[in-house]
Amino acid sequence: MVTQPEPGVFCAFRKQCPHAGRPVDEVSRRGIRCPAHGSMFDLATGEPKNGPAGKPLRAAKVRVDGERIIITG
Ligand code: FES
């Protein structure tokens, strides 16, 4: 899951929700939302903004190469 919390800044997170393992699937200005039970995570840090999740999404490494966004780890 790739986000752009501010212009030119890209962050990436594993899709597995730390609450019960379902995949997060929605990104909006408010955050990254898990459809299973409604947890919302911060676009820049992956920290939960509201539960039931109590832990952040796992971050992935991201690199920008021209117009491409590459997940590196
Ligand atoms: S599995 Fe994501 S909020 Fe429950």
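First listed ligand is number 1; within each ligand, the first listed atom is number 1.
Within the model, atoms SG of C34 and CZ of R22 stand 7.0 Å from one another, a figure rounded to the nearest 0.5 Å. Rounding to the nearest 0.5 Å places CD1 of I32 at 6.5 Å from CE of M1. Atom CG of residue L43 and atom CZ of residue F10 lie 12.5 Å apart, to the nearest 0.5 angstrom. R68 contributes atom CZ, which lies 8.0 Å from atom CZ of R63 (distance to the nearest 0.5 angstrom).
Restricting H19 to its N/O/S atoms, the shortest distance to atom 4 (Fe) of ligand 1 is reached by ND1.
In this structure, the protein non-hydrogen atom closest to atom 4 (Fe) of ligand 1 is H37 ND1, 2.0 Å.
Between the choices G21, C34, P23, S39, the shortest heavy-atom distance to atom 2 (Fe) of ligand 1 belongs to C34.
Under 4.0 angstrom from ligand 1, the non-hydrogen atoms of A20 come from both its backbone and its side chain.
Ligand 1 places these atoms under 4.0 Å from at least one heavy atom of C17: 1 (S), 2 (Fe), 3 (S). Those atoms of ligand 1 with a heavy atom of A36 less than 4.0 angstrom away are 1 (S).
Listed for the S39 side chain is a donor-acceptor partner under 3.5 Å among the backbone atoms of A53.
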